[in-house]
Visitor: 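To start, I am sharing the structure in question, which I have written as structure tokens.
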Amino acid sequence: MTSVADDLSREPTPDPAEDNAYFPSPYSLSQYTAPKTNFDGVKHKGAYKGKLKVLMVAAAERYILLENGKMFSTGNHPVEMLLPAHHLMEAGFDIDVATVGGYPAKLELWAMPNEDEAVKATYEVLRPKLKAPKNLADVVDNDLDGDSDYLAVFIPGGHGAVVGLPTSEAVTETLDWALSNDKFVITLCHGITLCHGPAALLAASLGKKESPFKEYSVCVFPDSLDEGPNLDIGYLPGRLQWLVAGLLREQGLNVINDDMTGKTHRDRKLLTGDSPLASNSLGLLAADALVQEVQSKG
């Protein structure tokens with residue numbers, strides 16, 4: 001007996017806005033998206049009343065050129081972006097949004113959980129900042145110093161994070177600042193697309209002999225899914241030109257997962273999650289960490 005999903009096409013859906021570009025197939029979306037997340041409440045509502053906030057570095061790129069010449073229509077995954085943000089905002093931390101170049105953030109709206117009130121409400125609050133974000137280079141020049149109001153850098157996932165962020169000098173400088181000033185770095189890796197937030201960690205090694213994140217342990221989206229199942233079910237219209245987990249390993253990071261289970265992990269002040277399944281848990285982990293940090297410092 002077949003299910004309704006089994007009858008859906010596994011061919012990627014053409015994106016009419018660009019030549020040779022594709023959205024995920026109807027079948028893959030039936031497997032990877034849902035109308036609601038596993039959100040079941042926040043833990044630290046209103047716990048913080050101060051001025052410290054979170055800098056979100058969002059993706060401003062829509063398309064990834066693949067090995068076969070096709071393009072994948074992507075961006076930031078809305079659950080990976082908005083659910084962790086919801087936990088942080090509910091705890092009392094405002095969020096500023098910045099992109100490379102200051103261009104509008106791109107989201108994979110085909111993955112929006114349209115019956116999830118927490119995610120939808122957070123989107124409405126952040127929408128003006130996503131449409132008119134700060135230029136990350138300006139943030140680096142004007143706002144990142146020892147007295148900065150930013151307590152954490154949040155890099156949400158989605159395949160859009162693999163375009164521009166890993167080679168951006170502004171991202172490199174942002175991560176250098178975070179490490180030098182003992183700030184938190186929060187990122188999700190969705191290879192279905194939540195991650196590829198950790199791809200931005202590759203920028204930390206630009207101009208250096210080795211990554212400052214060498215020997216850190218991280219969760220990322222498994223390369224094996226982007227090399228196999230995501231092609232078989234039409235989530236991707238072709239192979240990616242490079243894979244995140246493999247490159248992070250080459251830079252000396254310890255990738256602690258080889259599957260997608262919603263795993264999260266903290267190593268010092270680097271907080272990571274393996275996929276959209278980790279979004280709620282990462283939000284809880286991040287809110288815990290930031291609230292404990294401000295409380296410990298009075």
Side-chain angles (χ1 to χ4, degrees), residues 13 15 17 21-26 28-40 42 54-64 72-90 95-99 103-133 154-165 186-200 220-221 225 230 235-236 260 262 264 272-284 286-287:
T13 302
D15 175 358
Y22 297 85
F23 299 113
S25 72
S28 69
L29 292 182
S30 76
Q31 302 302 299
Y32 281 157
T33 64
K36 288 187 177 182
T37 70
N38 62 339
F39 174 75
D40 59 357
V42 299
V54 174
L55 175 63
M56 178 195 293
V57 181
E61 296 288 345
R62 171 67 69 199
Y63 298 104
I64 299 176
F72 179 42
S73 184
T74 180
N76 279 132
H77 192 282
V79 175
E80 295 179 12
M81 170 187 282
L82 298 169
L83 196 47
H86 181 77
H87 284 282
L88 294 168
M89 292 163 63
E90 286 292 292
I95 291 181
D96 285 345
V97 178
T99 63
Y103 301 109
K106 305 299 190 296
L107 272 72
E108 300 168 329
L109 288 182
W110 37 261
M112 181 69 77
N114 289 315
E115 297 177 16
D116 194 296
E117 295 305 321
V119 172
K120 288 169 57 182
T122 304
Y123 180 49
E124 289 306 314
V125 172
L126 290 179
R127 188 202 296 257
K129 295 181 179 182
L130 294 168
K131 297 297 184 183
F154 171 39
I155 306 172
H159 278 97
V162 308
V163 184
L165 299 190
I186 307 161
T187 187
L188 266 165
C189 186
H190 173 53
I192 317 176
T193 118
L194 175 190
C195 170
H196 288 85
V220 301
F221 191 82
L225 290 182
N230 282 349
Y235 185 85
L236 292 171
M260 183 180 71
T264 61
T272 55
D274 70 5
S275 71
L277 300 178
S279 300
N280 189 56
S281 295
L282 187 67
L284 288 166

Visitor: Can any side-chain N or O of Lys106 pair as donor or acceptor with the backbone N or O of Pro104 at less than 3.5 Å?
Guide: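 Side chain of Lys106 to backbone of Pro104: a pair is present.
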Visitor: Please give me the minimum heavy-atom distance between Arg62 and Glu108, naming the atom from each residue.
Guide: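 Closest approach of Arg62 to Glu108, heavy atoms only: NH1-N, 4.5 Å.
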Visitor: Step by step, work out the side chain to side chain contact (heavy atoms under 4.5 Å, CB included) result for Tyr32 and Asn230.
Guide: CA-CA 10 Å; Tyr32 281 157; Asn230 282 349; 2.6 Å; yes
Visitor: Measure the spacing between OG of Ser25 and CG of Leu236 and express it to the nearest 0.5 Å.
Guide: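 Reported to 0.5 Å precision, the distance equals 10.0 Å.
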Visitor: How close do Leu88 and Ala287 get, counting heavy atoms only, and between which atoms?
Guide: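 Heavy-atom minimum between the residues: CD2-N, 3.9 Å.
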Visitor: On the 0 to 90° scale, with breaks at 30° and 60°, tag the His86-Phe39 ring pair as parallel, tilted or perpendicular.
Guide: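 Perpendicular.
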Visitor: Please test Tyr63 against Asp15 for side chain to side chain contact (heavy atoms under 4.5 Å, CB included), starting from the C-alpha separation and ending with a verdict.
Guide: CA-CA 10 Å; Tyr63 298 104; Asp15 175 358; 2.8 Å; yes
Visitor: Run the side chain to side chain contact (heavy atoms under 4.5 Å, CB included) check on His87 and Asn280 step by step: do they pass?
Guide: CA-CA 8 Å; His87 284 282; Asn280 189 56; 2.8 Å; yes
Visitor: Taking all heavy atoms of Val79 and all of Ala111, pick out the closest pair and write down the distance.
Guide: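 In terms of heavy atoms, the two residues are closest at CG2-O, 4.1 Å.
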Visitor: Which atom pair, heavy atoms only, marks the closest approach of Thr99 to Ala58?
Guide: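 Looking at all heavy atoms of both residues, the closest pair is CG2-O, 3.6 Å.
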Visitor: Could you measure the distance from the CG atom of Leu29 to the OG1 atom of Thr13? Nearest 0.5 Å is fine.
Guide: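 Taking CG in Leu29 and OG1 in Thr13, the distance rounds to 7.0 Å.
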Visitor: About how many Å separate CG of Leu82 and CD1 of Ile95, when rounded to the nearest 0.5 Å?
Guide: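 Reported value, rounded in 0.5 Å steps: 9.0 Å.
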Visitor: What heavy-atom pair brings Ala278 and Gly273 nearest, and what distance separates the two atoms?
Guide: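 What the structure gives for the nearest pair is CB-CA, 3.9 Å.
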Visitor: Keeping the roles fixed (side chain from Asn76, backbone from Pro156), state whether a donor-acceptor pair exists under 3.5 Å.
Guide: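 Pair found, side chain donor or acceptor close to backbone of Pro156.
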Visitor: Can you measure from OG1 (Thr122) to CE (Met89) and round to the nearest 0.5 angstrom?
Guide: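 Spacing of OG1 (Thr122) from CE (Met89) equals 5.5 Å.
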Visitor: Whether the side chain of Lys36 engages the backbone of Pro113 through a donor-acceptor N/O pair (distance < 3.5 Å, no angle test) should be reported.
Guide: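 Absent.
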Visitor: In sequence, state the C-alpha distance, the side-chain angles, and the governing distance for Leu188 and His77, and then conclude on side chain to side chain contact (heavy atoms under 4.5 Å, CB included).
Guide: CA-CA 10 Å; Leu188 266 165; His77 192 282; over 6 Å; no
Visitor: So do Tyr123 and Pro78 actually touch side chain to side chain, heavy atoms under 4.5 Å?
Guide: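 Of all side-chain heavy-atom pairs linking Tyr123 with Pro78, none is under 4.5 Å.
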Visitor: Which heavy atom of Pro133 sits nearest a heavy atom of Ala98, and at what distance?
Guide: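 Smallest heavy-atom distance, with atoms named: CB-CA, 4.1 Å.
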Visitor: Look only at the side chain of Asp274 and the backbone of Gly262, and say whether a donor-acceptor pair between them is shorter than 3.5 Å.
Guide: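 Pair found, side chain donor or acceptor close to backbone of Gly262.
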Visitor: Quick one: pull up CE in Met81 and CZ in Phe154 and give me the separation to the nearest 0.5 Å.
Guide: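 The distance works out to 7.0 Å.
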Visitor: Rounded to the nearest 0.5 Å, what separation is found between the CG atom of Asp116 and the CG atom of Asn38?
Guide: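 Those atoms lie 9.0 Å apart.
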